[in-house]
Chemist: 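I have a structure here, written as structure tokens, and I will follow up with some questions on it.
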Amino acid sequence: MLSDEANDDTMISVRTSKELMSDEVEGEEEIIVTFNENVTAVVMMGSDCPKIAGSVRIEQLVGIGGWNDDLLLSIQKKINEKELYTASEVIDMLAHEIDINREDHAPPTPGLPKRKKSRFLDTLFP
């Protein structure tokens, strides 16, 4: 398993189909990319990668914990329409798009309950 940091706070985990022992399409390589923001992408690299534009595409994009399916689909279409040459270009662009949209769609951080004011302190300091 390969790991690399795209941004300062975005951790990416990359696994190839050979590592996962999944079915491989002749001439294509499947890369599964998992981001810390609860988003996972399946990136397909064609046999003509990196010679032909569009030979790398996002096959599937899934998010949990507040991610909207319509937003993820629009990110997938936006990146696939760029017809990029390499998997690193696709992953970098995806990391950027996730970073832009995570503020609005990531689940809020739980907070601690507020503390009640003590009546004892009110009697000491009127």
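Just so you know, these numbers use all the heavy atoms, side chains as well, and skip hydrogens, waters and symmetry mates. Here the structure is a predicted model, which is why all the values come from computation and not from measurement.
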Chemist: Can you list every pair that meets salt bridge (Lys or Arg N to Asp or Glu O under 4.0 Å) and has a residue in residues 55-64, with sequence neighbours left out?
Modeler: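 Found Glu28-Arg57, Arg57-Glu59.
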Chemist: Can you run down the salt bridge (Lys or Arg N to Asp or Glu O under 4.0 Å) pairs that involve residues 64-90, sequence neighbours left out, and say none if there aren't any?
Modeler: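 Sorted pair list: Lys78-Glu97.
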Chemist: Pair Leu61, Leu94 - check side-chain contact (heavy atoms from CB on, under 4.5 Å), show working.
Modeler: CA-CA 10 Å; Leu61 192 59; Leu94 183 55; 4.0 Å; yes
Chemist: Output the distance between atom CD1 (Ile64) and atom CG (Asn38), rounded to the nearest 0.5 Å.
Modeler: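 Rounded to the nearest 0.5 Å, the CD1-CG separation comes to 4.5 Å.
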Chemist: Asn80 versus Ile58: any side-chain heavy-atom pair under 4.5 Å?
Modeler: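 Yes. Closest side-chain heavy atoms under 4.5 Å.
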Chemist: Can you name the closest pair of heavy atoms from Tyr85 and Ala53 and give their distance?
Modeler: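 Closest approach of Tyr85 to Ala53, heavy atoms only: CE2-N, 3.3 Å.
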Chemist: Give, for atom CG of Asn101 and atom CG of Leu72, the distance between the pair rounded to the nearest 0.5 Å.
Modeler: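 It is 8.5 Å, given to the nearest 0.5 Å.
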Chemist: Excluding sequence neighbours, so at least two apart, what forms side-chain hydrogen bond (donor to acceptor under 3.5 Å, both in side chains) with Ser88?
Modeler: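 If we apply the side-chain hydrogen bond (donor to acceptor under 3.5 Å, both in side chains) test to Ser88, skipping adjacent residues, the hits are Thr86.
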Chemist: Going from CD1 on Ile98 to CH2 on Trp67, what distance comes out if it is rounded to the nearest 0.5 angstrom?
Modeler: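 Answer for the CD1-CH2 pair, Ile98 versus Trp67, is 5.5 Å.
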Chemist: Nearest 0.5 Å please: distance from the NE2 atom of His96 over to the CD1 atom of Ile75.
Modeler: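 Answer rounded to 0.5 Å: 10.5 Å.
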